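Comments concern the structure below.
Start at 1 with the first residue, then count along the sequence. Values reported hereafter were calculated over all heavy atoms of this structure, with side chains retained and with hydrogens, waters and symmetry mates removed. Only a predicted model underlies this, so the values are computations on that prediction, with no experimental measurement involved.
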Amino acid sequence: MNFPRELVEAVRRHQVVPFVGAGISMGVKRGMFPSWPRLLEGLAERMQEESLPEPAIKEVNQRIAQGDYLTAAELAFKDLGAYRFNRFLRERFRVRRPSDADLSVIQALWKLRPPVVMTPNYDDVLLWGREDAEAVSNDQDDELNLMDAEASPETPRVWYLHGTVHRLATLVLAGADYKRLYGDGSQPTGYSQYTNALVRLREWIRSKPFLYMGFSFSDPYVLKQLEHVIGITRGRQMPSFALMKKGSIDRGALWPKYNIQLVEYEDHGAPLAEFLRGLGEAAFGPSRVSLSTDLEALPFGIAPAPPQAMSPPIPGPAPVVPTPEALPIVARPALEQEYARILQGQHRLVLLSPEDGGTRALARRVAARYGNRVTWLAPPNVPDCTEAEYCRALVGDDTGANTVTSFDALVEHLRAKAARLGREHLIILRYEWGPFDHLTALGRHLRRMMDEPSKVQFHFLIAGGERSAWLLHNMQSFSVFKDAPRREVPDLTVEEIRQFLDSGGHGGARWAQGLHEATGGHPGLLREVMITDGALDAESITGKLVRGPSLRGAVLECLREDERNGYTGERGCQSVLTKLLDGQRVEDLEPLDHRVEYPEVRLYFAGLVRSDAAGRTVPRCKAVEQVARKVLARKDARP
């Protein structure tokens, strides 16, 4: 392969800035993300579903047909309103990494070792290929200011130029959004809401070579985006580069106007990945396996197993399974590093998962990074306790606990303890309900600890499930809980289960797929089947779970909780389970935003449903379907 000398040198010096368009995300899995025209057509369809006026829908479709995509998005936003518009974007872009995603191009891109990758996309695809990369949006002035100093090949950043779907207020899609980011030609420079981002962007384009990929430069929507970005590169001494499939654009189309050199590759997919790997080798030499890097990348922190042939599960003697004490720990270093990084940068994090979904285990492993500089708080579930009883229960057996008789005294106790131990201190709150008035006071005082100047920097990790999610939408404005960054603990992947099995010598290549299928990647269910005798194929595991008490207990508890809280009809879990068993579609989890008034969310936190690759709410596994059928068929089991 032949690569431009300037491009190779820029990669070697870690100066190149990959600018990644929608085509790269769309190549990860066919149909997972829409093209921009298809996205806007979907908005028009949503307007139709919401019974909006036909003239409004017709005008949006006319704008799409004319290629005036910015105006089409603007009109759709005005007619749908912010809530429905943003919900639509969540459905299309806030998706989990599917097990069959092809990340070869993304992984090859990260082989170029760029300190920063820039993208106008909204999705997480770039982070799927480099989980330790930090996401930065245009409204994060501090993070943008630190990017030049702190971003490196070892600590890379993904700059979401047009926002991320995880923070909907940052999205740039419609015409008004572009004025918000890039300013308006009729207005002074200070008109832009994101002046810091715009100034930094223009400085980078002046001083750094960009590597554009995943764009169709004949697409009028893309050209409209790039007018503000590429247009200001004219006259620069150092060229930028555009990777394009052979024959997709005339070689002289970009150079005279934009100072962009065209670099062609054979085809999308594997040929593009091979091209990027070749570019990396041209810059850094042939890749070598780094033992330390590989060990850090492994989900369980164990040495890689020798290569072995992959084969489907076959009937045979059951493997010897370990006792609970002998089970290997399901360590997930990439997640631990991500959560620790959020705590370092934003000082608080709400970590959510279904029951036994791995939240506590991850909280313990994040805490291990702080050594003894950790305090665990577990609010007591005693409705009538006094403030003094509540605060003393929080600190437990800590030295000086008897003096903690108020929230002010609690703050002083925590400050004194942290001062004795070191500069940074982690406080982990395991929330399992309790008196709401006391919890309100606790959230307010912890937020004050975080905001007030102190020699000790406090970090707050709230780890839990349904009740912790409830806090996010019901706590007062000034609280450690309110608007805190949040993360869902993802289900285990097939590869993570394989590593888990291999670490205990239990034939991961043979059994991982079946275990994943039968448990839905739920850590609690995985542990349950691993401490019992029997085969580890999907059918045998499903039988174990159906016969065991955990799933039946979870279904019954959901039904009884609905009875206690008065959730009936469409608001009840029974209705959702019945629809799922009949093959009907129910509400998708992502747009519900962890609001526990929705039965789908309550079933998720009970570990009974999950989102599939398309974002639809589905039963977690076949065992859930079988247990739910049995429970709902018994009249005496219904609330």
Ring geometry between Phe33 and Phe93 (parallel below 30°, tilted from 30 to 60°, perpendicular above 60°): parallel
Interatomic spacing from CD in Glu45 to CG in Asn61 - rounded to 0.5 Å: 8.5 Å
Flag side-chain contact, heavy atom, 4.5 Å: Leu492 against Arg332: yes
Short side-chain to backbone donor-acceptor contact, Arg341 and Ala133, under 3.5 Å: yes
Separation between CG of Leu89 and CG of Leu39, rounded to the nearest 0.5 Å: 6.5 Å
Salt bridge present between Asp588 and Arg87 (N-O < 4.0 angstrom): no
Donor-acceptor contact below 3.5 Å, side chain His473 vs main chain Asp593: yes
Closest non-hydrogen atom pair between Ala151 and Pro115, with its separation: CB-O, 3.7 Å
Arg38 side chain to Pro34 backbone, donor-acceptor under 3.5 Å: no
Under 3.5 Å donor-acceptor, Thr155 side chain and Glu150 backbone: yes
Arg610 side chain reached by His522 side chain, heavy atoms, under 4.5 Å: no
CA sep, side-chain torsions, deciding dist, call: Arg92, Glu590, salt bridge (Lys or Arg N to Asp or Glu O under 4.0 Å): CA-CA 10 Å; Arg92 295 301 187 273; Glu590 284 288 345; over 6 Å; no
Pro156 side chain reached by Val117 side chain, heavy atoms, under 4.5 Å: no
Asn2 CG: over 12 foreign heavy atoms closer than 6.0 Å: no
Carboxylate-amine/guanidinium proximity below 4.0 Å for Arg46 and Glu91: yes
Contact summary for Tyr339 and Val489, nearest pair of heavy atoms: OH-CA, 4.0 Å
Beyond-backbone contact of Val20 with Met213, side-chain heavy atoms, under 4.5 angstrom: yes
Side chains of Phe19 and Leu161 in contact at under 4.5 Å (non-hydrogen atoms): yes
Any side-chain heavy-atom pair of Leu580 and Val618 under 4.5 Å: no
Worked verdict on Thr119 versus Ile24 for side-chain contact (heavy atoms from CB on, under 4.5 Å): CA-CA 10 Å; Thr119 181; Ile24 300 299; over 6 Å; no
Residues Lys111, Leu276; criterion side-chain contact (heavy atoms from CB on, under 4.5 Å); working and verdict: CA-CA 8 Å; Lys111 293 287 187 183; Leu276 291 171; over 6 Å; no
N/O donor-acceptor pair under 3.5 Å between Arg620 side chain and Gly521 backbone: no
Arg12 side-chain N/O to Ala283 backbone N/O, donor-acceptor pair under 3.5 Å: yes
Heavy-atom pair of closest approach, residues Ser240 and Tyr212: CB-CE1, 4.0 Å
Minimum side-chain heavy-atom gap Glu274-Glu266 below 4.5 Å: no
Whether Tyr160 side chain and Asp123 backbone form a donor-acceptor pair below 3.5 Å: yes
Least distance between heavy atoms, Arg157 atom then Trp110 atom: O-CH2, 4.4 Å
Spacing of Arg30 atom CZ and Asp102 atom CG [to the nearest 0.5 Å]: 11.5 Å
Point-to-point distance, once rounded to the nearest 0.5 Å, from CG of Leu279 to CG of Leu109: 10.0 Å
Rounded distance [0.5 Å steps], CD1 in Ile462 versus CZ in Arg348: 8.0 Å
Main-chain N/O of Arg113 paired to His14 side chain as donor or acceptor, under 3.5 Å: yes
Residue pair Ala484 / Val350: nearest heavy atoms and the distance that separates them: CB-CG2, 3.9 Å
Contact check, side chains of Val366 and Leu343, non-hydrogen atoms, under 4.5 Å: yes
Interatomic distance, Ile497 atom CD1 to His516 atom NE2 [nearest 0.5 angstrom]: 5.5 Å
Ion pair Arg97/Asp124, N-O distance below 4.0 Å: no
Distance-minimising heavy-atom pair for Asp267 and Pro271: O-CB, 3.3 Å
Main-chain N/O of Glu587 paired with Glu600 side-chain donor or acceptor, under 3.5 Å: yes
Chi angles and distances behind the side-chain contact (heavy atoms from CB on, under 4.5 Å) call for Glu74, Arg63: CA-CA 10 Å; Glu74 189 76 34; Arg63 296 288 187 174; over 6 Å; no
Verdict with supporting geometry, Glu131 and Glu338, side-chain contact (heavy atoms from CB on, under 4.5 Å): CA-CA 7 Å; Glu131 293 182 346; Glu338 176 193 356; 6.0 Å; no
Phe3 and Phe275 aromatic ring geometry - parallel, tilted or perpendicular at 30°/60° bounds: perpendicular
Stepwise side chain to side chain donor-acceptor pair (under 3.5 Å) check, Glu517 with Gln513: CA-CA 6 Å; Glu517 178 185 337; Gln513 186 66 48; 5.3 Å; no
CD/Glu41: more than 12 non-hydrogen atoms of other groups inside 6.0 Å: yes
